[in-house]
Structure formats: C-alpha cells, structure tokens
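Numbers restart at 1 for each chain; the letters A, B, ... are given by sequence-line order, proteins then strands. Just so it is clear, the values below take in all heavy atoms, side chains as well, and ignore hydrogens, waters and symmetry mates.
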2 protein chains.
Amino acid sequence: MTNDSSVNGCCEHSERKVNFGPGPAQLPLEVLKNVQAEFLSYNGSGSNVMELSHRSSAFAKIIQEAEQDIRELLSVPESYAVLFLQGGATAQFSAVPLNFLNLKSSQTADYLVTGYWSEKAAKEAEKFGKINWVVPKSDKYRDVPSESTWKLTENSSYFYYCSNETIHGIELEDIPSIVPKDTPIICDMSSNFLTRSFDITKFAMVFASAQKNFGASGLVLVIVRKDLVEKSTNKSIPVTFDYKVQIANASMYNTPPTFSVYIANKMFNWTKRQGGLKSMNQLSDKKSKVVYETIDQSNGFYMNVIENKYRSRVNIPLRIMKDGTANEKLESLFLSEAIKANMIELKGHRAVGGIRISLYNGVSLQETTKLVDFMRIFQKNNS
Amino acid sequence: MTNDSSVNGCCEHSERKVNFGPGPAQLPLEVLKNVQAEFLSYNGSGSNVMELSHRSSAFAKIIQEAEQDIRELLSVPESYAVLFLQGGATAQFSAVPLNFLNLKSSQTADYLVTGYWSEKAAKEAEKFGKINWVVPKSDKYRDVPSESTWKLTENSSYFYYCSNETIHGIELEDIPSIVPKDTPIICDMSSNFLTRSFDITKFAMVFASAQKNFGASGLVLVIVRKDLVEKSTNKSIPVTFDYKVQIANASMYNTPPTFSVYIANKMFNWTKRQGGLKSMNQLSDKKSKVVYETIDQSNGFYMNVIENKYRSRVNIPLRIMKDGTANEKLESLFLSEAIKANMIELKGHRAVGGIRISLYNGVSLQETTKLVDFMRIFQKNNS
C-alpha cells in the first residue's frame, strides 16, 4: 500500500492536500482509510460495496443505517421520508416543481432568489409552471432584502429558498418567518447541510447533495413530508423524480448509487462520532470566525462584501485589494503560493472572481488555522 | 491492509466471493486493487478522486480518457456525443421520449417489448406521448416474434428496443432489419454493452448503465447522434435529462458522479488491455457456451425455456426440474450450496423464479467453469 504510513488524523499525511474547494470536498482521512481497508471485502462479504447487489442484506443494512443516522442527527419524525436519489441537487430543481407546483389553488410557487443556485432553481421551475420571484432579480448578490419587502403569492403551492449560496457566500441562518404557516417551505441545503442543527418540522422538504458535507457526488438526500407527496396529482413525472414512487420503493425503484450511499453512511457515522450537529455547529463557528477575523483585521487587504448578518460559515468569497480595487495579480499569486503550501481549490467562482474558502465538515480547525496563518504572512509580504 | 496478501489475478483471493449477480456486478480484482492502492492520493494529486473538483484538470483527464476509450472501443464517430449521466438506465426511459418523441410528424414512437425492461421503458414513455407496441404484450417472454409480424408506425419518431433482457434472458444479437432506414433506432444495451462489438452508426442512440460491465452504479453512458439532439424541440425537459444541455456542457452541467466515472475509466482501460471487444465477445461466447451445454446435457434437470436463437449470453435464467416441474426445494438447496462454495447472487428474479447466472465481463472463464463443475456435481447428487 502506498500513502499508508502516516498516523490516523489529518495533516501529518505526507502526500495529502488540504482541499478548500466548494465541492466535491475533502473527506476525513480516517473515513478514507476505513473504506480503503475494506475495499476488497466489505465487512466480510467478499465483495466491494460497489459489487454488492442493491437488494442484498449487506447493502440494505447500509442504506437503512444511513437513514437511521440522518433521522437521529436531525430528529426526523416518521411523518417524513428520507430518500437517497441521483442527479445531484440540480435534478431536484426539476423534481420539486414537477411534484409540488400543483399543491395549492394558485398553481404558483414562491422562490426567494438570493444567489446563483436559487436563481438556477427558479429558472428551472419556470419550465413547469408559474413561479413568483419574491424579491427582484439582483445583478450582484451581497445580502437578502428584508422580509417586509417580499412579495408572496396568496395560497402559494410552496415557498422555496437556498439556505447557503455556495458561490456568493450568503447564508440564511433563520427560516423565513413571514411565510404563512400553511405554505410548505422547501429548502436547498446542499452546502450547509450537517453544519448546524435545524428544526426539520418547519420544512416541507429539504435536500442536499452529498459531495459537500457527506461524501461523494452522484447522490442527493431528500427529506420530505409524506402527506404532501400524497397530495401531488401530476401524472407525468419522470419516474426517477416521482417522490411517491421513490418512497414506495425506499429509494430503490432502480439501482441507487450504492457506493455514494455507502460513503454517506460512513460520513453520517463520522459526524455522530464527532458529537453530532452540536459539535459540527461549534466547529463551523470556530473555522469561519478565524477566517472572517483575518479578513476584517486585514485593513482592507482582504475584502468580503457580504453583509455580516448573511456571511456564510461554509463558503467565504474574498477579493485581495490594492489601491482600493481587487488585484487579480495578487490573487493569482495567492493561489499559486497556497498550492505550494499544499492548500488547493481556493480559486473563486468566475461569477464573482477572487478567492473562495470553503469550510465543509471535512475541513478541520487545524487546517483552517494553517490557511489563516498563510493569509497573514501573504498579506505581510504583499502589502 | 486486510485481504491484500493474494497474487494479482482472480480466484485465489482468500476472502473474495464469485458474484454471478445481475448487477451491480463483480469487478476484476486487479481493477479494485489498483483503485485501493491510489485511494488516499490519486496519481499524486493528494486526494481521492471523490475529493477532486469535477472542474480540476485531474478529473477532466479522467472523463476525457473515458470518452476516448469508448470512442476507440466502439469506433464512435465525432457525429455522436458520448455522455456520462446520472439516474441509471431508468432515467433514460424518461429522457428518451422527452427528447425525441416529437422528432417526426407521427409524434409516436415504436417500442419492441421483449421483456421486463423494454416493457418498463414503454410504459414510462407513455406518460409523455403516443407509444406504439410493435408486438402484442406477452405474459411470459420466451422469444421474439418474427419481424414479419411487427406493426410499425409510419413516420415513427424512433424505434426503441432492449438488446438484452436481464431478467428474462433474451438477447437480440442482430439489429432489427425491418425498421425503415430513416427511423432512428434507440437501444438499451445495459446488460450486454461491451460484451460484443456492434456498428454504432446503425443506431441513433444507445445507452447502458455502468454497474454491469463497466463498474459502479449511479452512472449511465449515453451515445447519441448530435444532429438528432439538435432537432428536438421540447422546451420542458428537466435540465439534467436535456441532451442538448448535457452535450453543450460535456456532461458537466452539474457535478457528475465523479467516482463512478473514474471506475468506468479504469474498466474501459481494463477492457482494452484484455484485447477489446473482440476478446470480450470470445470470452462471452465461451462462458455462455459452457453454461448452456451444462443445461442442455442435463437430461432436463436444468431447464432454460428461451428459444435458442434468443438465448442471452450474459443472463441465463434456469429452473431445476423434478418429475417434470420446477422444484423450488432443489433450487434453494442449489443456492445455499453455491453460497457455501463462495458463489453468490445466483437467485432468479421473482418474475421468473429459479436460478439466474449472469456472466458479465468481470466474471472470468475460470470462475464460470467452477460454476458448471458445481452444477454437474449438484445434479449428480440430486437427481
């Protein structure tokens, strides 16, 4: 075996890079080593999990454990289904309106667009029916207009929002309070899922793609109220998008992405071993705090433009300033020196440019500290 | 490391089981060991492939290599797109009609239903428009009605069939010849893909899920004529199902199932190293021949009811007979003794019962010989 000489833990590993990317994200080394150790024979089965029948008792145990862990981590009641689906969060941008646009007499859904991903979801939903943009389209997303300005539809089929905008670095900690109690709230939690606890019973549905806080791409987790799914009357939903069918078949109408479900199971286990969402929330607080402190104490060398209240704890976009403007030369120098220091995937999204620091659960405080130390030294050497 | 003591190869491995299941299927041990060896740092990247950004140069190389290998293995011209999508073959049951039902004036597609999977595809397509069943629905599938009896639609948008029915064990070696030249032919090749060569230019589109002959579930390969995709006029296709969008984004409109693409790349490489489709075709011939010989020389102890011409080389359902009827007691004894001999997943699908022997590319001739030896001894001891 190569690369297997280091102690269990994180940063001592000889070859491993620290990945601050927006996802697919880095996994805890102990999880990777555990999967590697049982790669030729999972739990004495004589097969890799990839090779197990999705109908086998061994895989049934994996997906059932994964569901139980999620129910435990988030206190999900039996009135909600937990689904392991394919197509990423983007597939849910279509599945949500296909299943739920006809829920209420308005045949209209309200979308709160706060950045790139909620905008994509709203535009996709418009293919399938009437969508109301709760706030006017923005050309640059830096905050969330106050609820008093929101225009909601009467008798809306559902209210949709994204709790964390991965590209713009905007996070909504609080569930919108202006939404009428009887309007189902649907939330894309892809990038901040499992970084904090929340009251699932306030939502009709939440979904999250796996490759940020619980593993490998190709899997999206859907937690949805069963009674709402029952109410859906659309008969032309592509079967893999039909929550009724997926619930009736326990996510196994067709072969699920078994290996990604297996990794998710390992990650849910790891999350529990870390102390669950209480610990993850504290960790996310600490990590983001040291980064924002470094930005705010840089005398404008590092700049994050998001209004404090909406600053994301998981995706932190920043620009490196010189003479009052963002300096791309310094930014590319920052990126190349970071790579030399084994810290990768720090380039900002083309939509906003600059640097982006993503702090998913698989990134440790120790690794984050290493990055802010690097940031301070970089500022000293370049201002 | 556990389980890593054996020589590279297949059957000597201490703990490994031989998996004759219908999929997810077993992978060559050398492929698994190669992935295991680079699990903590792929190709010096310092990350597992799961952790790599799908936009990274390292992953770009993986998905581009996978496409090149498929183009090479099947001589796919540039006029066809090669797509790596999510949702399994079942998602294509929806995507095909959504993209192509409106291709021709008839707004109707012809479906040749020869078993469980083509029947599922036809029923799914009926959600989205007019489907013509080329042959009457059968209650038990044992052969394919002769082309002279087929009822085709004039100016059909496309002709759809499944080249190998995994559950019923029916394989169509020849491309239907009665279909008019200007009718696009679309084929679900999930279970016999890469087991034989075929002329891709005879097809408008073929698709295959990965978990049978090229790796892990969560990935479906689509090879489709670009000019037909251009002709599609449906504006309400869920974006992940929209071939136009997937082609324009080289399968990366959203995060693809990166680990499954990586395994597919390894499997395409392995297939080439074995000698490509010529060798795979010979291997498939040899493996299925020894199994069918064992059945046909069993004096009716083992019975496969499929007409010889349509017997599948990859999925072989059989019943164990006693006094002229299938004997479930003997069948469960067969299954339990097979498991004792480290041969798993031989249970037939509930729709047909009995035993099913699946011989995907990852199953060696040596392993197949071990199974037929077991079959002969089982017959001797139980007839």
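Across A:Ala95, A:Ser236, A:Pro256, A:Gly362, the residue that shares the most heavy-atom pairs under 4.5 angstrom with chain B is A:Ser236. Between chain B and the options A:Leu85, A:Leu98, A:Leu219, A:Ile237, heavy-atom pairs under 4.5 Å are most frequent for A:Ile237. Chain A forms more heavy-atom pairs under 4.5 Å with one residue of B:Asn254, B:Ile344, B:Val261 than with any other, namely B:Asn254. Here A:Pro238 is the residue among A:Pro22, A:Pro238, A:Ala89, A:Ser260 with the most heavy-atom pairs under 4.5 Å with chain B. Of the listed residues B:Gly46, B:Gly21, B:Ser53, the one with more heavy-atom pairs under 4.5 angstrom with chain A than any other is B:Gly46. Your options are A:Ala210, A:Pro97, A:Gly23, A:Ser45, and the one with the most heavy-atom pairs under 4.5 Å with chain B is A:Ser45.
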Could you go through the side-chain hydrogen bond (donor to acceptor under 3.5 Å, both in side chains) check for B:Thr90 and A:Thr240 one step at a time? CA-CA 7 Å; B:Thr90 301; A:Thr240 55; over 6 Å; no
Please walk me through it: do B:Leu40 and A:Gln36 pass side-chain contact (heavy atoms from CB on, under 4.5 Å)? CA-CA 8 Å; B:Leu40 301 183; A:Gln36 181 185 40; 3.7 Å; yes
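The shortest non-hydrogen separation linking B:Leu27 to A:Met50 is CD1-SD, 3.8 Å. Taking all atoms of both residues into account, the shortest heavy-atom contact from A:Glu345 to B:Ser56 is OE2-CB, 4.0 Å.
Counting heavy atoms from C-beta outward, A:Phe259 and B:Ser217 have side chains that stay 4.5 Å or more apart. Looking at heavy atoms from C-beta onward, A:Gln26 lies out of side-chain contact with B:Ser47 at the 4.5 angstrom threshold. At least one side-chain heavy atom of B:Pro24 sits under 4.5 Å from a side-chain heavy atom of A:Thr255. In this structure, the side chains of B:Gln211 and A:Thr258 stay at 4.5 Å or more apart for every pair of heavy atoms. You'll find the side chain of B:Phe39 reaches within 4.5 Å of the side chain of A:Val35, heavy atoms only.
Residue A:Leu52 touches chain B through its backbone alone, counting heavy-atom pairs closer than 4.5 Å. Looking at A:Ala25, only its backbone comes within 4.5 Å of chain B, counting heavy atoms on both sides. Only the side chain of A:Asn19 comes within less than 4.5 Å of a heavy atom of chain B; its backbone N, CA, C and O stay farther away.
Relative to the six-membered ring of B:Tyr253, A:Lys120 meets both conditions, a distance below 6.0 Å and an angle of at most 45° to the axis. Under a cutoff of 6.0 Å and an axis angle of 45°, A:Lys235 and B:Phe128 do not form a cation-pi pair.
Other residues, nucleotides and ligands place no more than 12 heavy atoms under 6.0 Å from the NZ atom of A:Lys347.
Judged by distance alone, with hydrogens and angles left aside, the side-chain atoms of A:Arg16 form no donor-acceptor pair with the main-chain N or O of B:Ser41 at under 3.5 Å.
Here the CD atom belonging to B:Glu124 is positioned 9.0 Å from the CG atom belonging to A:Asp242, to the nearest 0.5 angstrom.
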